[in-house]
Amino acid sequence: MSRITQSQATRTRPPQHYERHDALLVVDMQNDFCPGGALAVTGGDALVPGINAEMAEARRAGALIVASRDWHPVDHVSFAHRGGPWPVHCVQDTPGAAFHADLALPDTTIRVSKATAFDRDAYSAFDDTGLGDYLRERGIERVTICGLALDVCVKATTLDALREGFTTRLLDDLSAAVDPEGIEACQDTLTDAGAELCR
Ligand code: VGL
Ligand code: ZN
C-alpha cells in the first residue's frame with residue numbers, strides 16, 4: 001500500500017477566515033519571479049492555486065484584495081549593470097513584469113506598483129506608495145500577506161504592515177524564498193516583530 005507523505009501532497013489546508021476589515025495582500029506574483037523568469041524563485045508558480053483559493057475566500061467575506069507588483073524603469077538602480085544586487089527584472093510594461101497568467105485577480109483588486117523610481121529600490125508594498133493610509137481609509141484593521149519573495153519583498157511588506165499598526169498575518173506556506181536556507185531566520189524575524197504565521 002502506498003502512502004502519500006506530507007511533502008508529496010499538494011497543500012490541502014482550507015483558506016483562512018476573512019471578514020470585512022481584512023485585506024489580503026498578494027505580493028509580486030509576477031512572471032520574472034516564477035520559474036523561467038529573470039529572477040526566478042523556486043516554487044513561485046506552484047503558489048498560484050493556493051493564492052487563488054485564498055483570494056476567493058477573502059472576496060466571499062467582503063475583504064479587500066490588494067496585489068503589489070515590482071515595477072522598475074529600465075536601468076533601475078537595483079540592476080547589476082547599475083551596480084545593484086539583482087539581474088534586470090520586472091521592467092515596466094514587459095512580459096516579465098506581468099502578473100502570473102493563472103493568478104485569478106478579481107476585478108475589484110487594488111493594484112499597487114512599487115520601486116518605480118530610477119534611483120531608489122523599494123521592497124515593501126508600503127514603501128512610498130500610500131498604501132497604509134489607503135487601507136486605513138478603507139477601514140482595514142488586519143492584513144494577510146503572501147507571495148514572492150518571502151525573504152525579500154514579503155518580509156519587508158510584513159514588517160511595514162506591523163509598523164503601520166495593522167494586525168498582520170503571514171501565509172508562509174503561500175510564500176517562497178529566494179534563499180530557502182534563510183527561511184527559518186526569516187520566520188523568526190517576522191514572528192518576533194509580531195506577525196502571526198498561518199498555515
Ligand atoms: C524582489 C528582488 C528584487 C521581490 C523585488 O519582489 O521579492 N526581490 N526585487
Ligand atoms: Zn525588484
Side-chain angles (χ1 to χ4, degrees), residues 23 25-48 51 66-103 105 109-135 143 145-164 166 168 170-193 195:
L25 176 42
V26 177
V27 175
D28 300 4
M29 285 299 295
Q30 294 164 273
N31 291 324
D32 270 344
F33 296 127
C34 291
L39 215 174
V41 178
T42 304
D45 55 342
L47 306 176
V48 170
I51 292 177
V66 180
S68 71
R69 61 181 182 178
D70 210 31
W71 195 245
H72 299 311
V74 290
D75 297 330
H76 187 246
V77 68
S78 78
F79 298 163
H81 69 273
R82 297 282 315 277
W86 307 110
V88 172
H89 66 281
C90 295
V91 174
Q92 295 168 7
D93 295 309
T94 62
F99 289 114
H100 189 288
D102 297 331
L103 193 68
L105 295 175
T109 302
I110 305 297
R111 292 159 169 83
V112 179
S113 303
K114 65 179 174 61
T116 59
F118 281 96
D119 56 347
R120 187 176 164 269
D121 206 1
Y123 290 150
S124 162
F126 291 93
D127 190 347
D128 221 10
T129 61
L131 178 61
D133 284 338
Y134 178 74
L135 294 181
V143 176
I145 301 172
C146 61
L148 298 169
L150 176 65
D151 48 345
V152 187
C153 288
V154 170
K155 179 182 176 184
T157 299
T158 301
L159 291 172
D160 268 358
L162 290 160
R163 274 183 213 116
E164 294 266 2
F166 297 103
T168 304
L170 173 66
L171 306 176
D172 64 322
D173 62 349
L174 292 179
S175 304
V178 173
D179 174 17
E181 291 192 358
I183 288 177
E184 250 181 72
C186 183
Q187 289 167 333
D188 288 347
T189 301
L190 297 177
T191 50
D192 286 352

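- Atom-to-atom distance recorded for Thr109:OG1 and Phe99:CZ is 8.0 Å, nearest 0.5 angstrom.
- Rounding to the nearest 0.5 Å places CG of Leu170 at 10.5 Å from CG of Leu25.
- With respect to Asp28 and Arg69, no salt bridge is recorded, no charged nitrogen being found less than 4.0 Å from a carboxylate O.
- The distance from atom CG of Asp121 to atom CH2 of Trp86, rounded to the nearest 0.5 Å, is 8.5 Å.
- What you find for Pro35 and Ala40 is that their closest heavy atoms are CA-CB, 3.9 Å.
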Below 3.5 Å, can you tabulate the donor-acceptor pairs from side chains in residues 178-190 to any protein atom, sequence neighbours excluded?
from: Asp179; atom 1: OD1; to: Glu181; atom 2: N; distance (Å): 3.1
from: Gln187; atom 1: NE2; to: Asp172; atom 2: OD2; distance (Å): 2.7
from: Thr189; atom 1: OG1; to: Ala185; atom 2: O; distance (Å): 2.9

Next on the checklist: Checking Leu171 against Asp173 for the side chain to side chain contact (heavy atoms under 4.5 Å, CB included) test, could you report, in this order, the C-alpha distance in whole Å, the side-chain angles of both residues, the deciding distance, and whether it holds?
Outcome noted: CA-CA 5 Å; Leu171 306 176; Asp173 62 349; 4.2 Å; yes
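- Atom CG of Asp75 is separated from atom CG of Asp119 by 12.5 Å, given to the nearest 0.5 angstrom.
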Item to check | Chi angles and distances behind the side chain to side chain contact (heavy atoms under 4.5 Å, CB included) call for Leu105, Arg111 | outcome: CA-CA 10 Å; Leu105 295 175; Arg111 292 159 169 83; 3.9 Å; yes
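- In this view, Phe79 and His72, His76, His89 satisfy the ring pair (Phe, Tyr, Trp, His ring centres under 6.0 Å) rule, not counting sequence neighbours.
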Next on the checklist: Between Tyr134 and Thr129, is the side chain to side chain contact (heavy atoms under 4.5 Å, CB included) condition met? List the steps.
Outcome noted: CA-CA 9 Å; Tyr134 178 74; Thr129 61; over 6 Å; no
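- For Gly147 against Met29, the heavy-atom pair with the smallest separation is CA-SD, 4.0 Å.
- Listed here is the closest heavy atom pair of Ala177 and Val41: O-CG1, 3.3 Å.
- The shortest non-hydrogen separation linking Ala115 to Pro73 is O-CD, 3.9 Å.
- Nearest heavy atoms, Phe166 versus Gly132: CZ-O, 3.7 Å.
- The OG1 atom of Thr116 sits 10.5 Å away from atom CH2 of Trp71, with the distance rounded to the nearest 0.5 Å.
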For residues 153-162, run the donor-acceptor check on the side chains, cut-off 3.5 Å, and write out each pair with its distance to 0.1 Å, sequence neighbours left out.
from: Thr157; atom 1: OG1; to: Ala125; atom 2: N; distance (Å): 3.0
from: Thr157; atom 1: OG1; to: Cys153; atom 2: O; distance (Å): 2.7
from: Thr158; atom 1: OG1; to: Val154; atom 2: O; distance (Å): 2.7
from: Asp160; atom 1: OD1; to: Arg163; atom 2: NH1; distance (Å): 2.4
from: Asp160; atom 1: OD2; to: Ser124; atom 2: OG; distance (Å): 2.7

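- Taken to the nearest 0.5 Å, the CG atom of Leu39 stands 8.5 Å off from the CG atom of Asp70.
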Checklist entry - Can Arg120 and Asp128 be said to form a side chain to side chain contact (heavy atoms under 4.5 Å, CB included), step by step? => result CA-CA 11 Å; Arg120 187 176 164 269; Asp128 221 10; 4.0 Å; yes
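- Panel note: side chain Asp32, backbone Ala38; a donor-acceptor pair is recorded below 3.5 Å.
- Nearest heavy atom pair, residue Lys114 against residue Ser68, reads CE-OG, 4.3 Å.
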